[in-house]
Structures are given as C-alpha cells and as structure tokens.
Amino acid sequence: MIQLERVTKKYRTERVETTALDNVNLTIDQGEFVSIMGPSGCGKSTLLHLIGLLDAPSGGSIALDGKPVERYGDRALARVRNERLGFVFQQFHLVADLSVVDNVEIPLLYRKTTGKERRRAALAALDRVGLASRTHHFPGQLSGGQQQRVAIARAIVGKPAVLLADEPTGNLDSQMGDEIMGILQELNQEGTTIVMVTHDPRLAERTHRVVRLFDGRQVQ
Amino acid sequence: MLGNYLKMALKVLARRKFFTFISLFGISLTLLVLLVATAMLDQIFAPQAPESRGDRTLGIYTASLRGEDSVYNGFAGYGLLDRAVRGLPQELPGVENISLFTTARAAISYVGGQKIESSLKRTDGAYWQILDFSFLEGGPFTAEDDAAARFVAVINETTRGRFFGDEPAVGRTIEVDGQRFRVVGVVRDVPILRVVAYSEIWVPVSTAKSRAYLKEYQGNFMALLLAHSRADFPQIKAAVDRRLDLAEAHIPDRRMFQTIDAGADTLFEAVSRTLFEARESRPELLWALLLGLAVLFMILPSINLVNLNLSRILDRASEIGVRKAFGASSHTLVGQFVVENVVLTLLGGALGLGLAAAVLAGLNESGVIPYADLRLNFRVFFEGLALALFFGLFSGVYPAWKMSRLHPVQALRGRTV
C-alpha cells in the first residue's frame, strides 16, 4: 500500500546540511499497524511526514497504492491527503476558534459534501470516540485526552485508508494513553492501516510491526 | 465551497473579537469619513434641484483684479459680469440663457419686535428660468418685475414660518433691511452648500438701494450661463475670455488694477481656480487632490489590515498546517482567507454605511449646515460598497497568498518561515 524506496531527507541551511533520513526502505501493507520508534531526533516524525505527503523526500521514491507521488502538484497532493490519509498529532492541533464538531468537519470541507452530510459524519465520528456529548464545546474547554479523541474523530471522519499518528499519547497520562491506543487498535481491526510514531515500547508492543530508526537510518 | 468559506469566516471573526473589533473600527471609520465627504461633495457639485441643469451650466463665480502692487480676489461686480455676458445668447447659439445675481448676504427684519436675520439674494428674472426651484406657493418674479424694479420677493419655507407662522405668504408683505417686499412665491428650503441656489429671500437686483453696482468690477455678483449642451462649453468659455480681455480697458480704477483673471467655469473648475489661486481653472489638479486624499485615506487602513493579517499568520500557522494536512490546497486556502477578509470588510462597510447614515442624519438635524439635505444616495452607497470590496481584496490577497505558501510541516510546528 505504501512503499518507500531509498528515501533520504536532507535539510540545508546556508552552511550546514543535515541528513534526517538516509536510504530508508519501507513497505506497509493494507491493514497493518506499524509503529516507528527511535530516540529523539532520529527522523521518526520526518518519516511520518513523508509518508503523509506533507513533505517531499530529497532522494528516493514514495508510492501510495502503487502510484509514485513525486510528480503530484499541490492540488493532487491535497486531494490524496484528503481522501486517503488521516493525521493525529501529539499536540492535537485543534483549531481553537472552532467548536469540536466544526473541527471534526474540517477534512470534509474539502470534499463535495452537503452541510447535513458533514454534520452527520462528524457526529458519528465523535460518537465513535465517545465524545457525542461535547460537540459544541471548544477545544480549550476539554481535557488533553478529550482533545486527542476529537483529533482522532477528525482524522477518521473522512474514512481514510491510512491513519498517521505522531506520538498520539505523548501528551497524555498513561490511562488516557491506553484509552487512545484502544481506539486506534479498534480502528485497525476495522481495516484502517495505521502508522504510529511512539517513544513508548509498551504501545509499540501492541502493534503488528516496529520500525526502528537511529540517526536517520533504519536499523530494524 | 463559498458557503463554507462564509460560515468559517463568520465563526473565526466571532471568536477573534479583538482582531475583529480593531479591523471593523478601522474600516468603518474610514468609510464613514469617505461617505460623509462624498455626500457633501455630492451636495455641492452634483446636478440636483434646484441646480438640476448644473451639468450644462457655466458660471463666473469669482474674479481677480491684478495690478503692479494690488490684487483683488473675490466676487465680481455687476459691471464686469455685464460686460462678460450681456448679449451672449444672441451672439452664440449655444447659450440658452444668462443670469446675474448676488451672493447671499445677511439681511435684518423685525417681526413682532423680534429681530430676524435672513440670507438675501438679489437676482434677475432669468435666474428662475435657469434654476429649477420647487414652489410651495405662488411663483417666481420675472424679468419685467426686475426691469420695473418692483418690490417683490420669493421666500423659502423656513422664512415663511418665521414671518407668517403656518399661514400662506403670497400677497403679504415682508420688511427686509428697511425695504418692503410683496411675497410672490414660496420655495422649498435650499441647502447652504448649493452656492448658486441658496438663499432665504430672493428679490430683484434692481431693488438695490443704490445703482452704483451697475458699473462696479468688484462686488458680490455671480453670473450663470446656461448652455444647450456641454459641447457648447468651449465656445462659450472662449467668448467670455475675449469679452473679459476687452473689459480690462474699462476697469474703473486703472491705476490700481490692469488685468482681470476670471472665466466661465463649471462649479468644480471654479473651486479649483480659487483653491490653487490659478489664473486658469485647474480641475485636473483638484481631481488629483481629491483622488489622492481618497486613496491615501484608503491605503492607510489597508496597510494596517495587511499588517494585522500578516501578524495573524503566526497565530494561525497551526491551523494552516492542519488544513493542509487534511486536504486544503494553497489555492483553497487563498480563497478562504480572501473570503474572510472580504466578509470582514463588507461588515465594516455595512457598519460604515450605517454610521454615515446616522452622522448625515445628525448633520441634517443639527442645523450646523443650514438646510443641509445630505443623503446616502444609491451612487454613494455603491461607491461605499465598491470601496469596501477594494479594501477586502487589497488587504486580503497578499496575506492570504503568504499564508497559503506556508509549508505544512513548518506550519504545524508553529513556524512561519
């Protein structure tokens, strides 16, 4: 489903060139739950951003559903992200100006859907994560765990094939973390492919496969 | 999609109250000033009753007499204007009618022991044919009345109230500056901003207490020339210029003044002539000045809005990153942010229009500008709307483009560069 071949990512400033990822080869099949582990700064998030088409590699190639994405323009990339991918971030990244349900509707705003369809789908997604009673609250009125559940509802509202989670429990206590992990596992059992960056070996153990990075290189 | 943009824009604006307030304040205040200024300029220059033929009317509104050591800038005397325009309708087929009349001057009356100060204008009969007054009673005095020096008067509605209360005035007598006039007509009040038409009492020129005015070059007279069409203006202006050149030989005090600077102008040209103290009218300079002021007035709040919006990029970087991650293209984001700005400016525009309407109504009621009838007409309304849209686009496009160019990963990290 997702194929990375000899992928490198370098960041250049005027004087310094930093290699964030070096020659990474990775294939993720449909329905897999893969965790990416490694010490801070090893390139985990960079790898997730490349898989999520939020960033472009400096070398190598990335293919999604068998199609190389290098030549996709801004609009095509936006469409793929909208229709095939969902994101959950460590910092939640909810829009503070919008209510919970409006936040969840965001991915559907970029599809041809009616307001009623959007609202129905958003409420269903919130119900799925156990937050049906908080639809009109604003993010600032919710706990960290609740905010991450809203973020998951936003990520799944468009029924993406792949869910990319960047340390989704990193800002939560262990109980909340377990709850979020439970939701992700349920989603995976329902068929969603999940790629998760984590520091926590306990969580990684609950996934199908662990990819380990060190200094930008794949070590396992 | 537009509906979504609008909905999102309203939500964002409702939540960001301080930003919204500052932006709305700037836009509405700017539009308020522009709309009030436009309404005033409209009242002064636009062809409106009684100056409904203003678009084909020229006037000699002021004159300058110059000598080696002396300069007179002011209104012309009857003698000068008479030389400049008498017989022109017979000489030039493009001239339909001419009129000589004084500016409105204060005149005193006593009614029931109470002193009343009114504005009094002395006019000829043609004045009433060129201008289009709305009569509530009676009618105008005629050229024959003027020729026969009949003591007749037209008064405005307010003056009728001062002298006669609610009763009809035609046929009754008023005493003004020690002269008694029989009222022959009552007209609707005319705003003081309409220089040519404004007065409260109008009487024939020939009823002046002295005949000295007939030969004067300096005085308080103006001349109106009604053309058949604007196409006749160049010919009329040239003819008046020739006559004014000839009139120089007859300046009453040749030792003080030797040359005359005057001409047949539209009211706008006349204002430019006075404003720039130019020998020729300079309407293009006045246009440039007015447009320059308007543009300056619009650009300052626009720059302010651009700045505010750019500073919001930092604030909204995470949102931009999220929207990009979930499928917004740069193009879509530009649309969203431009709509946000247009909504904001249209709201500011609507607020500005409302405030302008309130201020104009207040000005009309207050009496600060006598008989002011300042209105937000449709033209001014649409100009305001166009201005608001200009604001929205001008101040929205660049920040929107800048916002949309943010790299999603950098944006998610809260970085804007």
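In what follows, every chain begins at residue 1, and chains take the letters A, B, ... in the order their sequences are listed.
In this structure, B:S329 OG and A:R75 CZ are separated by 6.0 Å, a value rounded to the nearest 0.5 Å. Between the CZ atom of A:F87 and the NZ atom of B:K324 there is a distance of 13.0 Å, given to the nearest 0.5 Å. Atoms NE2 and CZ, from A:H93 and B:F326 in turn, are 10.5 Å apart once rounded to the nearest 0.5 Å.
For A:E17, the CD atom counts as densely surrounded, since its 6.0 Å shell holds more than 12 non-hydrogen atoms of other residues, nucleotides or ligands. Atom NE2 of A:H199 sits in a crowded spot, with more than 12 heavy atoms from other residues, nucleotides or ligands closer than 6.0 Å. Counted within 6.0 Å of CZ on B:F25, heavy atoms from surrounding residues, nucleotides or ligands total 12 or fewer; the atom is thus considered open. Counting heavy atoms of neighbouring residues, nucleotides and ligands inside a 6.0 Å radius, atom CZ of A:R79 does not exceed 12 of them. The number of heavy atoms from other shown groups lying within 6.0 Å of CD (A:E190) is above 12.
Scanning residues 35-63 of chain A against chain B with a 4.5 Å heavy-atom cutoff picks out A:H49, A:L54, A:D55, ordered by number. Of all residues in residues 132-161 of chain A, those placing a non-hydrogen atom less than 4.5 angstrom from a non-hydrogen atom of chain B are A:F138, A:R154, A:A155.
A side-chain donor-acceptor contact under 3.5 Å links A:D74 to the backbone of B:S330.
Here the closest non-hydrogen pair linking B:A328 and A:R81 is O-NH2, 4.4 Å. Heavy-atom minimum distance, B:G327 versus A:Y110: O-CB, 3.8 Å. Minimum heavy-atom separation, A:F89 to B:L412: CE2-CD1, 3.5 Å.
The most heavy-atom pairs under 4.5 Å with chain B, out of A:L164, A:L98, A:D102, A:I106, come from A:D102. No other option in B:P408, B:A14, B:A325 has as many heavy-atom pairs under 4.5 Å with chain A as B:A325.
Two residues are said to be in side-chain contact when any heavy atoms from C-beta on lie closer than 4.5 Å; A:L109 and B:R323 meet this criterion.
No part of A:Q91 comes within reach of chain B, as not one of its non-hydrogen atoms sits under 4.5 angstrom from that chain. Heavy atoms of A:A76 lying under 4.5 Å from chain B are absent altogether.
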